[in-house]
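Counting from 1, the numbers follow the sequence of the chain as shown. These values consider heavy atoms only, across backbone and side chains, with no hydrogens, waters or symmetry-generated copies.
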Amino acid sequence: MSSLNRLSQSAFAGPVLALTAFALFSAHDVIVKTLGGTYSPVQIVFFSVLLGLPLAMVMLMRDPTDGNLLPRRPGWTALRTGAAVVTGVSVFYAFTVLPLAQTYAILFATPLLITILSVPILGERVGVHRGAAVVVGLIGVMIVLRPGQGEGISAGHLAALLGACASAFASIIIRKIGNEERNVVLLLYPMMANLLLMGAALPFVYRPMPLADFGALALMASMALVASLCVIAAYKRAPAFQIAPMQYSQIIWAVIFGAMFFGEGVDLMTIAGAAVIILSGIYIVMREDKANVSDNRPVLATRTRTDTGTYPRASQLGKLDDDQEQDKH
């Protein structure tokens, strides 16, 4: 048996695949930040979707279910689509203007926000343990932002916060309607909305792109798809509570890539705040995995990071894959 086969069947296969996925996502974000120094987030989002759409369509062709592209829950689908569009522009802008480590630290608040939103939208019962973890995590966010100190809260910080909130909203909607709505609709609508809305705004911000930059966008799209597939494979090889915390490895890549490519340092307050947020998020994941604690497991079900609507979410691709397997049997 080859070493690759042994690894794929080992207990480490899931976490290794997840770590690989989030390393690719981090490299994807380096390209976003690099191009953001020259181009508007609108232009980056538009071409990211344009180049990623053919790859997504190939995946969608595997959908074994019958039906059309009309949503069964149009109101919720529209809200989720709008949230994904807001997330894409906000997060891409935040990566452009903030240090990578700060951006990730704020986006890591997404599981905390998902837990909060699960109460009114899913009817989730959040007990003292998870409630306390959310409060502690939000304190971590305040440590990162440090309102009233230094230069204060910038537009980039607000964009990252908006991205985290919109991504949490999109994720919780998927948890609400995911069993009723077709995966092809959930996959395609945010990408098409981004393509149409960013395309409408593109003439006002467009700057000509040399072939090298266009190639970087193509590489971004490929990285996002491969990373999503790695996340799917990881969840098939290990329980969710082992895989979900792997997203926090991005803070390590943020420190490394930030120093290597952008000359960014990391201040103690950002590290301290990120540590508080990460520990809170991991605690929520561990609590959700316990029996009789969570009815919906909204954080564990999210599977991947912020929903920018620029590439297919791993959770939907995974369901497509599961549907195809069931169809075979």
Side-chain angles (χ1 to χ4, degrees), residues 12 15-37 41 44 87 90-113 136-147 149-164 167 216 219-220 223-224 226-228 230-231 234 242-285 302 304-306 308:
F12 299 104
V16 167
L17 282 164
L19 288 171
T20 301
F22 290 110
L24 288 170
F25 277 131
S26 298
H28 166 284
D29 298 334
V30 168
I31 298 176
V32 172
K33 186 172 182 64
T34 302
L35 294 177
I44 299 172
T87 302
S90 300
V91 169
F92 279 29
Y93 175 74
F95 275 123
T96 299
V97 299
L98 292 181
L100 286 171
Q102 276 196 22
T103 306
Y104 280 129
I106 296 169
L107 294 178
F108 285 162
T110 301
L112 312 177
L113 299 169
V136 171
L138 294 178
I139 291 172
V141 174
M142 298 307 291
I143 293 173
V144 174
L145 294 176
R146 300 190 290 281
Q149 298 183 23
E151 298 178 1
I153 299 176
S154 68
H157 294 115
L158 293 175
L161 280 171
L162 179 60
S167 178
L219 181 61
M220 271 177 56
M223 282 180 171
V226 172
S228 294
C230 284
V231 171
Q242 290 184 12
I243 302 303
M246 295 300 150
Q247 65 174 307
Y248 299 120
S249 64
Q250 290 177 111
I251 197 71
I252 299 172
W253 292 114
V255 173
I256 295 172
F257 290 154
M260 283 178 59
F261 299 114
F262 309 108
E264 296 174 353
V266 184
D267 62 273
L268 183 60
M269 295 296 281
T270 297
I271 292 296
V276 172
I277 297 166
I278 289 169
L279 289 173
S280 301
I282 291 174
Y283 185 78
I284 287 172
V285 166
T302 300
T304 190
R305 59 178 211 156
T306 45
T308 60

Nearest 0.5 angstrom please: L158 CG to Y93 OH, how far? 9.5 Å
Shortest non-hydrogen pair, A216 vs L35, comes out as CB-CD1, 4.4 Å
Determine whether I106 and I277 make a side-chain contact, defined as any pair of heavy atoms from C-beta on separated by less than 4.5 Å. no
Non-hydrogen atoms of A94 and G156 that approach each other most closely: CB-O, 3.8 Å
Quick one: closest heavy-atom pair of A159 and S90, and the distance? O-CB, 3.3 Å
Between L98 and A160, which heavy-atom pair has the shortest distance, and what is it? CD1-CB, 4.4 Å
Checking side chain to side chain contact (heavy atoms under 4.5 Å, CB included) for the pair T103/D29: CA distance, chi angles, key distance, verdict? CA-CA 10 Å; T103 306; D29 298 334; over 6 Å; no
Between I243 and P15, what is the shortest heavy-atom contact and its length? CD1-N, 3.7 Å
Does a side-chain heavy-atom distance below 4.5 Å link V30 with M260? no
Distance-only, no hydrogens or angles: does the S167 side chain make a donor-acceptor pair with backbone N or O of A164 under 3.5 Å? no
Side chains of Q247 and F25 in contact at under 4.5 Å (non-hydrogen atoms): no
F22 side chain near W253 side chain, heavy-atom distance below 4.5 Å: no
Are side-chain heavy atoms of S280 and L112 found at a separation under 4.5 Å? yes
Considering all heavy atoms of both residues, which atom of V144 and which atom of A105 are nearest to each other, and what is their separation? CG2-CB, 3.9 Å
Distance (rounded to the nearest 0.5 Å) between Q250 CD and I278 CD1: 10.0 Å
Are V32 and H28 close enough, and set up right, to give a side chain to side chain contact (heavy atoms under 4.5 Å, CB included), and what steps lead you there? CA-CA 7 Å; V32 172; H28 166 284; 3.8 Å; yes
So F95 and P41, do their side chains get closer than 4.5 Å, heavy atoms only? no
Going by the angle between their ring planes, with limits at 30° and 60°, are F257 and F261 parallel, tilted or perpendicular? tilted
Evaluate the side-chain proximity of F108 to I251: yes if any heavy-atom separation is below 4.5 Å, no if none is. yes
Are Q102 and D267 close enough that some pair of their side-chain heavy atoms sits under 4.5 Å apart? yes
Between the side chain of E264 and the main-chain N/O of L100, is any donor-acceptor distance below 3.5 Å? yes
Could you walk me through whether I44 and I31 pass the side chain to side chain contact (heavy atoms under 4.5 Å, CB included) test, one step at a time? CA-CA 10 Å; I44 299 172; I31 298 176; over 6 Å; no
Is NZ or CZ of K33 both nearer than 6.0 Å to the six-membered ring centre of F262 and within 45° of the ring axis? yes
How many angstroms lie between CG in L161 and CG in L107, if you round to the nearest 0.5 Å? 9.0 Å
Pairwise distance CG(L138) to CG(L113) - rounded to 0.5 angstrom: 6.5 Å
